[in-house]
Amino acid sequence: LSLLICIVGFTFNYRENDLTKATRCYDICRYDRVYLRSQGETWRAKSIDIIGKDPIQLPSDAPLPTLKGITVPQLWPSDHFGVHAVLTKT
């Protein structure tokens, strides 16, 4: 069973995440994945989602964050988006 195998699910995207500009990495890739190999007890993937695709809201008077001397227009949790998987035991 493969969930979202045909869906574009980039977890690293310099076009969507300003924090990647500070790392000077201009990739658009699906670096982060969830693999499931179940032996004995049977586990199945129920759902999988990409999380952390929105910047953290800062107060309007807060200074813009900087990383390695580069001002980042918005604050992001990470330069990668996260992967959240729900597994069920059958």
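A heavy-atom distance below 4.5 Å is not found between the side chains of Phe81 and Phe10.
Scored by the side chain to side chain contact (heavy atoms under 4.5 Å, CB included) test, Arg15 finds Asn13, Ile28 as partners (sequence neighbours excluded).
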For residues 50-61, which side-chain donor-acceptor pairs fall under 3.5 Å, sequence neighbours excluded?
| unit_1 | atom_1 | unit_2 | atom_2 | d |
| --- | --- | --- | --- | --- |
| Lys53 | NZ | Glu16 | OE1 | 3.4 |

Residues 83-90, side-chain donor-acceptor partners within the protein, below 3.5 Å, at least two apart:
| unit_1 | atom_1 | unit_2 | atom_2 | d |
| --- | --- | --- | --- | --- |
| Lys89 | NZ | Glu41 | OE1 | 2.8 |
| Thr90 | OG1 | Thr42 | O | 3.3 |

